[in-house]
Colleague: 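Okay, handing you the structure first.
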Amino acid sequence: MIKEWATVVSWQHGQALVECDVKASCSSCASRAGCGSRVLNKLGPQTTHTIAVPCAEPLEPGQKVELGIAESSLLGSAVLVYMTPLLGLFVMGALFQTLFGNDMAAFSGAVLGGIGGFLLARGLSPKLATRSEWQPIILSVGLPPNLIRVDDASAESRP
């Protein structure tokens with residue numbers, strides 16, 4: 001199970017709208033100055049993802065929840081997104097090379113196969129996304145934000 005913490009935006013009729021922050025590359029590595037991943041993450045937009053998750057108990061905005069998703073669903077979606085266009089590229093490239101016998105035909109077949117694989121993955125992903133095992137679930141719920149109060153003890157001891 002892959003786990004991630006999210007913040008509740010709203011809760012209505014058994015559906016919690018939660019917001020997950022996009023994780024940038026880690027900052028604890030010793031090679032921060034020369035890290036390519038760090039540079040690429042700074043170039044892209046720092047956005048959040050908002051998703052709806054079923055939840056029977058009422059939640060308050062600002063409350064933290066721990067989401068979980070099965071590894072098999074994540075691996076399945078990665079295979080669909082990456083391998084389908086790649087497989088189409090190789091199969092159609094080889095088929096066009098065999099049928100027409102020149103490199104330009106192989107290139108054309110590879111481009112058509114890659115585009116076809118991408119379109120196939122795009123068409124299958126909404127159907128697979130509705131499967132219950134591919135949906136995130138709430139594993140644990142944190143305390144509401146208004147329930148915790150922190151008193152500054154050092155402020156009371158000042159003259």
Colleague: Quick one, F118 and V81 - any side-chain contact, counting heavy atoms below 4.5 Å?
Modeller: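 No - every pair of side-chain heavy atoms lies 4.5 Å or more apart.
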
Colleague: Quick check: do P54 and Q15 have side-chain heavy atoms less than 4.5 Å from each other?
Modeller: yes

Colleague: Using the rule side chain to side chain contact (heavy atoms under 4.5 Å, CB included), only one of L17, V65, I138, V53 pairs with V8; which is it?
Modeller: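 Answer to the side chain to side chain contact (heavy atoms under 4.5 Å, CB included) test with V8 among L17, V65, I138, V53: V65.
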
Colleague: Kindly work out whether a path of hydrophobic side-chain contacts (I/L/V/M/F/W/Y, heavy atoms less than 4.5 Å apart) joins W11 to W5.
Modeller: no

Colleague: If you measure from CG on L99 to CE on M92, what distance do you get to the nearest 0.5 Å?
Modeller: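 Those atoms lie 9.0 Å apart.
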
Colleague: How many angstroms lie between CD1 in I51 and CD in Q135, if you round to the nearest 0.5 Å?
Modeller: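 Answer rounded to 0.5 Å: 8.5 Å.
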
Colleague: Under 4.5 Å between any side-chain heavy atoms of L67 and C20, yes or no?
Modeller: yes

Colleague: If every non-hydrogen atom of Q63 is compared with every non-hydrogen atom of L143, which pair is closest and at what distance?
Modeller: CG-O, 3.7 Å

Colleague: Can you hop from L87 to L80 via hydrophobic side chains spaced under 4.5 Å?
Modeller: no

Colleague: Roughly how far apart are F107 CZ and L89 CG, rounded to 0.5 Å?
Modeller: 9.5 Å

Colleague: What distance separates I2 CD1 from S72 OG, expressed to the nearest 0.5 Å?
Modeller: 9.0 Å

Colleague: Measure the spacing between CG of L112 and CG of L119 and express it to the nearest 0.5 Å.
Modeller: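 It is 10.5 Å, given to the nearest 0.5 Å.
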
Colleague: If every non-hydrogen atom of Q97 is compared with every non-hydrogen atom of A106, which pair is closest and at what distance?
Modeller: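 Result for this residue pair: OE1-CB, 3.1 Å.
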
Colleague: Look at the side chain of E71 and the backbone N and O of M1, then say whether any donor-acceptor pair between them is shorter than 3.5 Å.
Modeller: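 Indeed, once roles are kept as given, a pair shorter than 3.5 Å links the two residues.
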
Colleague: Rounded at 0.5 Å granularity, tell me how far OG1 in T84 sits from CZ in R122.
Modeller: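 It is 14.5 Å, given to the nearest 0.5 Å.
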
Colleague: For A105 and F100, work out which heavy atoms get closest and say how close.
Modeller: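 Smallest heavy-atom distance, with atoms named: CB-CB, 3.5 Å.
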
Colleague: Within a strict 4.5 Å, meaning less than it, do heavy atoms of the L139 and K3 side chains meet?
Modeller: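 SC-SC contact between L139 and K3 confirmed.
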
